Amino acid sequence: QVQLVESGGGLVQAGGSLRLSCAASGRTFSRYAMGWFRQAPGKEREFVVVISWSGRITLYADSVKGRFTISRDNDKNTVYLQMNSLKPEDTGVYYCAAAPQERVGVTPTALHEYDYWGQGTQVTVSS
């Protein structure tokens, strides 16, 4: 069982930065690939980025490549999302999620591959 709690969201102007954190409970955190998803109003939840259990492999959505950086600290059971050069279209609720890497591989991108989800944190980027 893994419980996830996101933090770090807020209101920022276009071009600004935010750093999201996702704290996980449970002793098996390092067995999970960790992903970030987001959901804008009226839209479906979409994949943003994923990091393998070791932290050595990452995969980004094209829309955030070069602007967002994911990292993880398995000693602290925490995954981070550094978001730079934010755009209004980055606005949405950001969710972290955990996927058992043994079952779905190192970089799952589909919602159904993830077993555990956080409650989400709101990110609003003003123009």
Side-chain angles (χ1 to χ4, degrees):
Q1 188 80 10
V2 177
Q3 293 183 329
L4 305 172
V5 179
E6 302 96 335
S7 61
L11 173 63
V12 64
Q13 288 188 334
S17 299
L18 283 174
R19 189 193 194 205
L20 306 184
S21 298
C22 174
S25 65
R27 293 175 293 177
T28 59
F29 174 73
S30 61
R31 296 183 183 178
Y32 290 84
M34 297 298 297
W36 286 95
F37 292 76
R38 66 187 180 188
Q39 188 166 17
K43 295 188 177 181
E44 294 185 349
R45 194 171 300 188
E46 65 175 3
F47 167 78
V48 175
V49 60
V50 60
I51 187 167
S52 65
W53 70 268
S54 68
R56 289 194 290 266
I57 301 173
T58 58
L59 181 65
Y60 293 85
D62 288 343
S63 58
V64 306
K65 202 171 295 182
R67 301 187 297 120
F68 290 13
T69 303
I70 191 172
S71 60
R72 68 188 293 164
D73 185 335
N74 286 343
D75 291 334
K76 295 182 178 180
N77 281 11
T78 303
V79 62
Y80 305 97
L81 182 62
Q82 178 66 44
M83 305 187 295
N84 298 328
S85 302
L86 282 161
K87 304 176 181 180
E89 51 263 43
D90 294 318
T91 293
V93 178
Y94 281 69
Y95 300 90
C96 72
Q101 191 163 303
E102 291 180 352
R103 189 187 78 209
V104 300
V106 297
T107 54
T109 61
L111 273 72
H112 72 269
E113 296 180 294
Y114 287 80
D115 288 354
Y116 303 103
W117 292 83
Q119 83 289 348
T121 186
Q122 176 71 44
V123 171
T124 303
V125 184
S126 63
S127 57

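This one's a predicted model, so the numbers in the text were calculated from it and none came from an experiment.
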Any E44 side-chain heavy atom under 4.5 Å of L111 side chain: no

4.5 Å side-chain heavy-atom contact, T69 and Y80: no

L4 and M34 have their tightest heavy-atom pair at CD2-CE, 3.9 Å

Is it true that, when you exclude R31 itself, more than 12 heavy atoms of the residues, nucleotides or ligands shown sit nearer than 6.0 Å to its CZ? no

Indicate if L18 and Y95 have the same hydrophobic cluster label, given that clusters are the connected sets of ILVMFWY residues with side-chain heavy-atom separations under 4.5 angstrom. no

Using the side chain to side chain contact (heavy atoms under 4.5 Å, CB included) definition, which of the options V49, D90, L81, V123 pairs with R38? D90

Keeping R72 on the side-chain end and A33 on the backbone end, is there a donor-acceptor pair under 3.5 Å? no

Okay, side chain of E6, backbone of C96: is any donor-acceptor separation there less than 3.5 Å? yes

Under a 4.5 Å cut-off applied to non-hydrogen side-chain atoms, are T91 and Q122 in contact? yes

Step through the shown structure and confirm whether more than 12 heavy atoms of other residues, nucleotides or ligands are within 6.0 Å of CD on Q3. no

Hey, what do you get for NZ (K87) to OG (S127), rounding to the nearest 0.5 Å? 14.0 Å

Do V125 and L20 belong together in a cluster built from hydrophobic side chains that touch within less than 4.5 Å? yes

Heavy-atom closest pair, residues N84 and S17: OD1-OG, 2.9 Å

Drop me the distance from I51's CD1 to Q101's CD, to the nearest 0.5 angstrom. 10.5 Å

Report the distance from atom CG of N74 to atom OG of S30, rounding to the nearest 0.5 Å. 5.5 Å

Find the distance between CZ (R56) and OG1 (T58) and round it off to the nearest 0.5 Å. 12.5 Å

Looking only at heavy atoms, what is the nearest atom pair of S63 and R67, with distance? O-NH2, 2.8 Å

Which residue is it: F47, Y114, Y32? I am looking for the one with a side chain to side chain contact (heavy atoms under 4.5 Å, CB included) to P108. Y114

Mind telling me whether Y94 and F68 have parallel, tilted or perpendicular rings, with 30° and 60° as the class edges? tilted

Do Y60 and I70 make a side-chain contact, defined as non-hydrogen atoms from C-beta onward lying under 4.5 Å apart? yes

With a 4.5 Å limit on heavy-atom distance, are the side chains of M83 and W36 in contact? no

Can you check whether S71 reaches Q82 side chain to side chain, under 4.5 Å on heavy atoms? no

Joint cluster assignment, F37 & V93, ILVMFWY side-chain distance < 4.5 Å: yes

I'd like to know if V79 and W53 are part of one continuous hydrophobic network [Ile/Leu/Val/Met/Phe/Trp/Tyr, side-chain heavy atoms within less than 4.5 Å]. no

Output yes when a side-chain donor or acceptor of R103 lies under 3.5 Å from a complementary backbone atom of A99, and no otherwise. no

Mind checking whether Y116 and F29 sit in one hydrophobic cluster, side chains of I, L, V, M, F, W, Y counted as touching below 4.5 Å? yes

